[in-house]
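What's counted below: heavy atoms across the whole structure, side chains too, no hydrogens, waters or symmetry copies. Indexing begins at 1, ligand by ligand and atom by atom, following the structure's order. Remember, predicted model here, so these are calculated numbers, not experimental data.
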Amino acid sequence: MHLLKSTAHDHPIASEITPPDVYQQRRRWMQTLAAGAAGAAASALPWQAQAQTPRPGKLAALAGDKSAVPGAQVMDKLTPYADITSYNNYYEFGTDKADPARTAGSLKTRPWTVAIEGEVRKPGIWDLDALLKLAPMEERIYRLRCVEGWSMVIPWVGYSLAELIKRVEPTGNAKFVQFVTLANKAQMPGLSSGSLDWPYVEGLRMDEAMHPLTLLAFGLYGEVLPNQSGAPVRAVLPWKYGFKSGKSIVKIRFVEKQPKTSWESANAQEYGFYSNVNPKVDHPRWSQATERRIGEDGLFAKKRPTLMFNGYEAQVGQLYAGMDLKKLY
Ligand SMILES: Nc1nc2c(c(=O)[nH]1)N[C@H]1C(S)=C(S)[C@@H](COP(=O)(O)O)O[C@H]1N2
Ligand SMILES: [Mo]
């Protein structure tokens with residue numbers, strides 16, 4: 001795992017001494033061998049063999065129209081549903097990419113509430129059903145770029161987080177938002193490992209949170225989010241590395257000071273508060289100049305160049321005008 005917290009006493013793990021793509025490729029071959037011919041059909045990648053959980057299905061509220069928000073309809077080929085839902089980072093359910101699809105069945109997504117706290121005139125507890133009705137659902141096709149060097153193209157269903165923020169009326173002291181996600185030992189096997197400090201927390205500056213591209217997602221491919229994708233409600237920040245997009249949110253806090261995030265707490269040298277996708281600022285342990293598109297990553301597939309702000313520079317570049325993006329990584 002590239003992202004795992006490492007201390008001076010740790011032995012180097014395979015992913016740290018091998019370039020990420022070589023490591024992934026080798027790992028996949030080993031999985032293919034382990035799965036045997038039956039588990040690995042010619043077109044299916046090994047982890048797909050395990051993704052047999054039933055799809056959660058439609059919800060009337062999720063019949064969303066295509067979003068008209070500028071930048072919300074990326075024209076790249078969609079990543080297949082099977083890949084999106086079987087190659088996941090959701091450490092509460094284990095650190096292996098295949099773990100969440102296998103173990104997230106234990107997540108209870110109803111009843112579900114999201115608490116709104118802090119610097120707002122209307123704090124309170126929102127039931128999921130109220131959130132589902134808060135604003136019209138839209139389909140948005142976003143690129144998702146993980147800091148590890150892979151990407152996907154995902155048709156989300158949801159609405160701008162700004163819709164919720166406007167309704168809770170932030171005060172003038174609200175400069176940042178913090179997302180707190182579920183931490184439930186009985187439901188989440190990964191919590192007993194020390195891979196991160198729980199709950200998983202993330203944060204945004206207020207103008208980032210209010211940007212129309214910032215999505216509160218409830219579904220993908222027109223269906224309810226499967227648990228491994230962050231059910232029942234998650235954030236999606238398409239111009240930031242994937243870890244900024246917290247899954248299974250239970251609380252949104254409006255605060256005056258820049259909040260702590262789990263990845264900064266784990267390793268501040270490697271994971272900054274902003275974490276905007278930037279091909280010119282490398283991760284200390286690997287380049288960020290290119291990426292592997294999941295679903296088209298056969299042995300001979302070419303890597304793609306990573307785009308500034310993941311291709312959303314026209315929409316979000318202004319938010320960072322005048323900032324030194326090498327320092328505020
Ligand atoms: N609560 C929680 N949210 C999380 C994570 C996590 O481990 N826990 N992983 C993050 C990372 S590193 C990525 S790349 C994306 C992955 O989203 P996906 O599995 O839907 O592609 O979720 C992010 N949100
Ligand atoms: Mo990630």
For [atom], the option (of [options]) bearing the nearest heavy atom:
| atom | options | value |
| --- | --- | --- |
| atom 11 (C) of ligand 1 | Y87, Y271, Y91, F243 | F243 |
| atom 21 (O) of ligand 1 | L144, V236, L237, L225 | L144 |
| atom 4 (C) of ligand 1 | Y90, W150, Y200, F179 | Y200 |
| atom 5 (C) of ligand 1 | I249, N89, T79, T85 | N89 |

Under 4.0 Å from one or more heavy atoms of C146, ligand 1 contributes atoms 14 (S)

Check whether F273 forms a cation-pi arrangement with K244 (NZ or CZ under 6.0 Å from the six-membered ring centre, at most 45° off the ring normal).
yes

Stacked cation flag R143 on Y312, 6.0 angstrom / 45 deg
yes

Check: E92 N/O within less than 3.5 Å of ligand 1 N/O
yes

Give yes if a backbone or side-chain nitrogen or oxygen of K247 is under 3.5 Å from a nitrogen or oxygen of ligand 1, and no if not.
yes

Could you report the tightest heavy-atom contact between [X] and [Y], atom names first, then the distance?
| X | Y | answer |
| --- | --- | --- |
| M210 | A162 | O-CB, 3.6 Å |
| K240 | V277 | C-CG2, 3.6 Å |
| I84 | I154 | CD1-CG1, 3.8 Å |

Answer with side chain, backbone, both or neither: which part of E202 has a heavy atom less than 4.0 angstrom from an atom of ligand 1?
neither

Applying a heavy-atom cut-off of 4.0 Å, say which part of N88 lies close to ligand 1: side chain, backbone, both or neither.
both

With no hydrogens and no angle check, do the side chains of R145 and T306 hold a donor and an acceptor under 3.5 Å apart?
yes

side-chain contact (heavy atoms from CB on, under 4.5 Å) with A135: which residues, sequence neighbours excluded?
Y159, E163

Give a yes/no verdict on whether any heavy atom in S248 is under 4.0 Å from an atom of ligand 1.
no

